[in-house]
Q: 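Quick one: the structure is below, questions incoming.
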Amino acid sequence: MRRNMQKILKTIYGLAVCIMPFYANAQTGYQGSSNIEFLYGKDFEPPGTDLITVTPVHSGSYGIFEQYFFVDLYYETNTGETSAHTEWYPKVSLGRASGQNIGAGPLNDVLIGAGINADLGTDNDSWVWLVGPVWNFTIPGFDNFQLETYYYKQDGGGNDFEGTYQITPSWDIPLPVSEQLQFRLTGFADFIGDRGPGQSQVITQPQFLLDIGNLWGNPGTIFAGTEWQYWHDKGGVEGVTESVPQWLLRIDL
């Protein structure tokens with residue numbers, strides 16, 4: 001376990017090094033937000049796996065650049081094993097770079113994005129490299145809707161994978177019930193193609209949240225609710241499907 005934690009800490013450190021230059025420019029236009037999520041769910045795959053997950057999340061923009069990253073830190077309550085999954089996505093706005101409005105209708109911007117995903121702390125660590133266009137939309141009723149379309153290449157994990165695609169819609173929808181009761185529906189879905197060995201996959205994690213900070217006059221600070229993790233053909237293994245509701249607490253920093 002000590003070796004696993006060393007790998008996890010090295011990854012977090014590497015991502016922090018990438019992000020620090022943006023923070024150094026915070027006084028000259030960097031805009032960002034961070035939160036940390038605490039989740040608990042039972043009976044993940046393989047059957048009988050119960051997980052506590054702690055997830056720091058950050059997103060921000062500086063000029064023509066945007067970035068988004070998170071680290072899932074997993075603790076298996078059954079075995080005491082730890083592992084991590086991390087993703088970082090830097091992007092360049094073509095609209096802001098050109099100074100032109102390149103959208104049409106609900107499309108308000110096109111970006112060029114890249115991504116690095118890593119699974120660490122297991123017997124077969126793996127990495128995923130992504131690149132492709134990202135489409136931003138303005139849709140009534142949505143605070144955010146984005147469609148990412150990537151070329152996807154996985155390395156490691158004990159296999160020689162072929163390149164494929166990943167298509168990822170993500171959303172953030174406010175659902176106000178009253179002045180006090182403010183809900184949100186957020187989440188994403190990854191559609192990942194066949195990588196050679198392994199089936200195509202669908203992963204989605206919608207969250208239904210209540211702004212509990214708003215109940216005492218401090219909106220947008222603490223949210224509580226549920227996340228549903230659904231993973232069809234998990235890891236590309238045909239017939240292995242995961243469907244797990246989780247309790248969720250989110251603190252915005």
Side-chain angles (χ1 to χ4, degrees), residues 1-20 22-23 32-60 67-90 115-130 154-158 166 168 170 172 186-190 192 201 203-209 221-231 234-235 240 242-253:
M1 182 163 53
R2 180 179 179 183
R3 183 169 53 193
N4 291 345
M5 288 305 300
Q6 287 175 341
K7 292 180 180 179
I8 294 168
L9 292 173
K10 286 179 181 178
T11 300
I12 297 172
Y13 175 78
L15 289 171
V17 169
C18 293
I19 291 161
M20 286 308 293
F22 289 94
Y23 280 109
S33 62
S34 300
N35 65 70
I36 186 166
E37 299 177 354
F38 303 89
L39 302 102
Y40 175 69
K42 297 176 65 68
D43 205 21
F44 288 83
E45 290 291 337
T49 302
D50 299 345
L51 286 180
I52 295 173
T53 308
V54 180
T55 304
V57 181
H58 178 77
S59 61
Q67 68 166 342
Y68 171 79
F69 94 96
F70 69 88
V71 182
D72 286 330
L73 302 171
Y74 302 116
Y75 176 74
E76 294 187 22
T77 60
N78 320 67
T79 64
E81 292 295 318
T82 59
S83 58
H85 174 81
T86 182
E87 301 186 10
W88 178 48
Y89 292 92
I116 303 173
N117 302 351
D119 286 301
L120 302 170
T122 64
D123 292 335
N124 292 306
D125 294 348
S126 66
W127 298 81
V128 173
W129 315 94
L130 306 100
Q154 181 172 345
D155 294 321
Q166 177 175 307
T168 301
S170 58
D172 185 2
T186 70
F188 71 91
D190 288 339
I192 303 171
Q201 308 171 61
I203 311 164
T204 186
Q205 291 178 318
Q207 298 179 346
F208 184 67
L209 303 173
T221 55
I222 303 177
F223 297 83
T226 62
E227 176 183 288
W228 175 47
Q229 177 163 307
Y230 177 80
W231 195 341
K234 181 177 181 179
V240 176
E242 189 171 75
S243 180
V244 181
Q246 301 183 81
W247 295 109
L248 168 64
L249 177 67
R250 188 181 102 184
I251 300 174
D252 286 20
L253 305 174

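Because only heavy atoms are used, hydrogens play no part in the values below, and waters and symmetry mates are left out as well, while side chains stay in.
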Q: Distance from S34 atom OG to I251 atom CD1, nearest 0.5 Å?
A: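 Result: 13.0 Å between the selected atoms.
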Q: Report the C-alpha distance between W231 and V240 in whole Å, list the side-chain angles of each, state the deciding distance to 0.1 Å, and finish with yes or no for side chain to side chain contact (heavy atoms under 4.5 Å, CB included).
A: CA-CA 8 Å; W231 195 341; V240 176; over 6 Å; no
Q: So, taking the atom named CD in E227 and the one named CD in E37, what distance separates them when rounded to the nearest 0.5 Å?
A: 6.5 Å
Q: Looking at every heavy atom in both K42 and V244, which two are closest together, and how far apart are they?
A: O-CG1, 3.4 Å
Q: Would you mind reporting whether I116 and W129 have side-chain heavy atoms less than 4.5 Å apart?
A: yes
Q: How close do G156 and S126 get, heavy atom to heavy atom, and via which atoms?
A: C-CB, 4.1 Å
Q: Please test T186 against D172 for side-chain hydrogen bond (donor to acceptor under 3.5 Å, both in side chains), starting from the C-alpha separation and ending with a verdict.
A: CA-CA 4 Å; T186 70; D172 185 2; 5.5 Å; no
Q: Can a donor-acceptor pair be found, under 3.5 Å and without considering hydrogens, that links the side chain of T204 to the backbone of F188?
A: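 Side chain of T204 to backbone of F188: a pair is present.
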Q: Test side-chain hydrogen bond (donor to acceptor under 3.5 Å, both in side chains) on S83 and E81; report intermediate values, then the result.
A: CA-CA 7 Å; S83 58; E81 292 295 318; over 6 Å; no
Q: Any side-chain heavy atom of T82 within less than 4.5 Å of one from L73?
A: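 A side-chain contact is absent here, since even the closest heavy-atom pair is not under 4.5 Å.
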Q: Under 3.5 Å, side chain of H58 to main-chain N/O of F70, donor-acceptor pair present?
A: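 No.
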Q: One pair to check against side chain to side chain contact (heavy atoms under 4.5 Å, CB included): F44 and Q229. What are the steps and the verdict?
A: CA-CA 9 Å; F44 288 83; Q229 177 163 307; 3.8 Å; yes
Q: Please round to the nearest 0.5 Å and tell me the distance separating atom CG of N35 and atom CG of L253.
A: 7.0 Å
Q: Closest heavy-atom contact between G115 and Y89?
A: CA-CD2, 3.6 Å
Q: Just wondering, do F38 and I52 contact through their side chains at under 4.5 Å, heavy atoms?
A: no
Q: How far does CD of E87 sit from CG of L130, to the nearest 0.5 angstrom?
A: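 If we round to the nearest 0.5 Å, E87:CD and L130:CG are 8.0 Å apart.
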Q: Look at the side chain of D50 and the backbone N and O of D43, then say whether any donor-acceptor pair between them is shorter than 3.5 Å.
A: yes
Q: Any salt bridge linking K234 with E45? Criterion: basic side-chain nitrogen under 4.0 Å from a carboxylate oxygen.
A: no
Q: Any side-chain to backbone donor/acceptor pair from T86 onto D72? Under 3.5 Å, distance only.
A: no
Q: Any chance you could measure L39, atom CG, to Q205, atom CD, to the nearest 0.5 Å?
A: 8.0 Å
Q: Is there side-chain contact between I36 and V54, with at least one heavy-atom pair below 4.5 Å?
A: yes
Q: Between I222 and L249, is the side chain to side chain contact (heavy atoms under 4.5 Å, CB included) condition met? List the steps.
A: CA-CA 7 Å; I222 303 177; L249 177 67; 3.8 Å; yes
Q: Can you find a heavy atom in the side chain of F208 that is under 4.5 Å from one in the side chain of L248?
A: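 They are not in contact (no side-chain heavy atoms under 4.5 Å apart), so the answer is no.
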Q: Mind checking whether Y230 and W228 have parallel, tilted or perpendicular rings, split at 30° and 60°?
A: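 The rings of Y230 and W228 sit tilted, inter-plane angle from 30° to 60°.
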